[in-house]
Amino acid sequence: MARAWVCVGGAVFFLSCLVLHWRFSGSLVSRTFAFYMPWKKEDILFRLDLGWPKYSEYFTGSTFSVAVDSLNGLVYVAQRGDNIPKVLVFTEDGYFLRAWNYTVDTPHGIFVSSTPYEQSVWITDVGSGTYGHTVKKYNSLGDLVQVLGTPGKKGTGLNPLQFDNPAELYVDGMGEIYIVDGDGGLNNRLVKLSQDFLILWLHGENGTGPAKFNIPHSVTLDSVDRVWVADRGNKRLQVFDKETGEWLGAWGNCFTEEGPSAVRFTPDGKYLIVAQMNLSRLLILAAPPSGSIGDCSVISTIQLADQVRPHLLEVDQKTGAVYVAEIGAKQVQKYVPWHSHALAFGA
């Protein structure tokens with residue numbers, strides 16, 4: 001396969017590129033990417049890896065989420081569509097390995113929890129079919145291991161625990177689970193579960209005040225045991241104590257145009273990577289020190305092409321690479337730290 005790209009610059013240093021892939025069969029596959037080179041000085045921390053994936057034609061649906069198994073160098077992509085594989089597995093170098101579809105209805109979020117003894121793939125399913133409104137655990141080959149919720153039935157119950165459009169989850173190093181439930185459904189809540197799936201604490205009310213939500217869409221942990229939630233509809237990030245669930249504060253000053261749809265931390269804990277879906281933009285924010293939340297501070301931005309729509313993202317905790325699931329462009333793109341050796345294009 002050969003590859004070439006054509007780029008057009010605009011008046012504000014907006015660079016849009018069409019990557020052309022020629023297969024040996026003679027057919028042509030195109031892949032579009034774009035980024036913004038700002039007039040003002042910004043720290044440039046990431047650049048696009050043009051070599052990932054090796055063959056983008058494996059993306060046959062709307063790519064809603066992406067997860068990374070840093071321990072084993074694997075990347076999992078969840079996509080939606082009819083008569084297509086719902087989960088794709090790639091190497092961190094971009095080679096396609098396998099796909100599976102078993103018991104996956106309409107995936108929304110995906111997360112990988114990996115130890116030397118077990119690799120688990122978690123999927124939040126928002127479908128209306130047999131397996132919808134659930135949070136499911138699979139092994140790395142796609143065999144179903146555990147189902148949380150009442151399959152095919154949305155609800156607000158806690159015993160048994162029910163979901164309605166669960167958006168995303170995060171599993172910490174102790175095996176405890178954090179779920180944001182309510183991508184436009186009945187629930188607007190953050191739930192913490194033990195390894196045995198018992199509720200440890202919960203914030204679960206629609207509203208604009210502290211610890212209330214309007215479409216909680218993404219959840220992650222930082223290095224000092226704080227839980228961060230992308231409260232998309234309220235245009236803010238909310239922060240909680242991991243152990244007690246106590247509300248610690250919120251950031252809203254960075255999100256006056258649009259709320260965050262995804263949030264993750266870099267491996268060194270210095271930065272948050274946040275997606276703004278409808279603006280097709282990634283923000284790199286300075287992480288606050290322990291004991292203080294303070295105000296949001298933008299360090300750098302990555303402006304994608306119009307209608308790319310970054311939905312959810314993941315950061316490789318070994319390499320620092322950022323993988324972005326784009327539902328508008330129907331692809332996943334990889335951004336690498338600026339000084340990495342990957343084939344990359346950047347400002």
Side-chain angles (χ1 to χ4, degrees), residues 45-46 64-68 78 108-112 122 124 166-172 177-183 188-192 203 210-211 213-242 247-288 293-302 304 309-317 320-327 332-333 335:
L45 303 177
F46 297 94
F64 266 70
S65 52
V66 58
V68 178
H108 189 278
I110 188 169
F111 185 85
V112 173
W122 292 85
T124 62
E168 197 190 44
L169 79 158
Y170 188 95
V171 183
D172 69 18
I177 306 164
Y178 306 79
I179 303 169
V180 280
D181 178 25
D183 184 28
N188 282 275
R189 62 191 184 186
L190 166 65
V191 185
K192 179 180 179 179
H203 293 289
F213 302 101
N214 180 12
I215 309 180
H217 199 261
S218 182
V219 59
T220 194
L221 268 64
D222 66 15
S223 59
V224 291
D225 293 337
R226 295 178 296 201
V227 182
W228 294 71
V229 176
D231 188 6
R232 193 174 78 183
N234 284 326
K235 296 184 179 181
R236 64 186 179 182
L237 290 169
Q238 293 202 67
V239 192
F240 303 86
D241 181 88
K242 170 188 170 181
W247 184 82
L248 300 177
W251 280 357
N253 57 299
C254 289
F255 309 109
T256 56
E257 294 179 89
E258 184 190 357
S261 65
V263 58
R264 285 293 188 267
F265 281 84
T266 55
D268 57 13
K270 293 174 61 177
Y271 304 106
L272 296 85
I273 313 296
V274 175
Q276 293 177 294
M277 184 175 66
N278 294 317
L279 291 175
S280 292
R281 183 166 67 191
L282 305 180
L283 301 179
I284 294 90
L285 311 178
I293 299 301
D295 294 322
C296 180
S297 176
V298 178
I299 301 301
S300 184
T301 60
I302 301 174
L304 308 177
R309 303 186 72 205
H311 184 246
L312 291 170
L313 60 84
E314 188 57 276
V315 177
D316 189 323
Q317 293 301 304
V322 179
Y323 296 85
V324 183
E326 302 168 348
I327 58 174
V332 170
Q333 296 202 99
Y335 292 85

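Count residues from 1 along the sequence.
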**Request:** State plainly whether the residues Glu314 and Arg264 are in salt-bridge range, i.e. N to O under 4.0 Å.
**Result:** yes
Taking Leu45's backbone N and O only, do any of them form a donor-acceptor pair with Ser300's side chain (distance below 3.5 Å, no angle check)?
no
- Message: Can a side-chain donor-acceptor contact be found between Glu326 and Gln333 if the only test is distance below 3.5 angstrom?
- Response: yes
### Message
Could you check, using the six-membered ring where one of them is a Trp, whether Phe240 and His203 have ring centers closer than 6.0 angstrom?
### Response
yes
The reported gap from CG in Leu169 to CG in Asp181 (rounded to nearest 0.5 angstrom) is 11.5 Å
4.5 Å side-chain heavy-atom contact, Val68 and Val112
no
Requested in this report: Please answer whether the main-chain N or O of Cys296 pairs with a side-chain N or O of Asn253 as donor and acceptor at a distance below 3.5 Å.
Outcome: yes
Is the shortest heavy-atom distance from the side chain of Ile284 to the side chain of Thr301 under 4.5 Å? no
Between Gln317 and Pro267, the two heavy atoms sitting closest are OE1-CA, 3.3 Å
Student check: side-chain heavy atoms of Phe255 and Leu283 closer than 4.5 Å: yes
Closest non-hydrogen contact found for Asn214 with Asn234 is N-ND2, 3.3 Å
Check whether any side-chain heavy atom of Trp122 sits under 4.5 Å from a side-chain heavy atom of Ile179, and report yes or no. no
request  = Kindly indicate whether the side chain of Ile273, heavy atoms from C-beta on, has any atom under 4.5 Å from the side chain of Phe265.
outcome  = no
### Task
Using a 4.5 Å cut-off on heavy atoms from C-beta on, say whether the side chain of Leu282 contacts that of Val324.
yes
Separation between CZ (Arg309) and CE (Met277), nearest 0.5 Å, reads 4.0 Å
In short, Arg226 meets Val239 closest at the heavy-atom pair CB-CG1, 3.9 Å
> Where the side chain of Ser223 meets the backbone of Gly269, is there a donor-acceptor pair that is under 3.5 Å apart?
Replying inline: no
With under 30° as parallel and over 60° as perpendicular, where do the rings of Phe111 and Tyr170 fit, or are they tilted in between? tilted
Heavy atoms of Ala230 and Pro260 approach each other most closely as CB-O, 3.5 Å
Can you check whether Tyr178 reaches Val191 side chain to side chain, under 4.5 Å on heavy atoms? no
Checking His217 against His108 for the side chain to side chain contact (heavy atoms under 4.5 Å, CB included) test, could you report, in this order, the C-alpha distance in whole Å, the side-chain angles of both residues, the deciding distance, and whether it holds? CA-CA 10 Å; His217 199 261; His108 189 278; 3.3 Å; yes
Tell me whether Gln238 contacts the main-chain N or O of Ala250 through its side chain, where contact means a donor paired with an acceptor under 3.5 Å.
no
OG (Ser280) and CD1 (Ile302) are apart, to the nearest 0.5 Å, by 13.0 Å
Give a yes-or-no answer on whether the side chains of Tyr323 and Asp316 include a donor-acceptor pair shorter than 3.5 Å.
no
Exercise. Kindly say whether Leu312 contributes a backbone atom to a donor-acceptor pair with the side chain of Ser65 at under 3.5 angstrom?
Key: no
Separation between CG (Leu304) and OH (Tyr335), nearest 0.5 Å, reads 4.5 Å
- Query: Is a side-chain donor-acceptor pair under 3.5 Å present for Trp228 with Asp222?
  - Reply: yes
Rounding to 0.5 Å, atoms CH2 (Trp251) and CD1 (Ile293) come to a distance of 7.5 Å
Residues Asp183 and Ile215: closest non-hydrogen pair is OD1-CG2, 3.7 Å
Here the gap from Ser261 atom OG to His311 atom NE2, rounded to the nearest 0.5 Å, amounts to 6.5 Å
Can you tell whether the side chains of Glu257 and Arg281 come within less than 4.0 Å, N to carboxylate O? yes
| said: Is a donor from one side chain sitting under 3.5 angstrom from an acceptor on the other, for Glu168 and Ser218? | reply: yes
Heavy-atom nearest pair, Lys242 first then Lys192, reads O-NZ, 2.9 Å
Show your reasoning for whether side chain to side chain contact (heavy atoms under 4.5 Å, CB included) applies to Val180 and Val229.
-> CA-CA 8 Å; Val180 280; Val229 176; 3.8 Å; yes
Is there a side-chain contact between Leu285 and Val298 (heavy atoms, below 4.5 Å)? yes
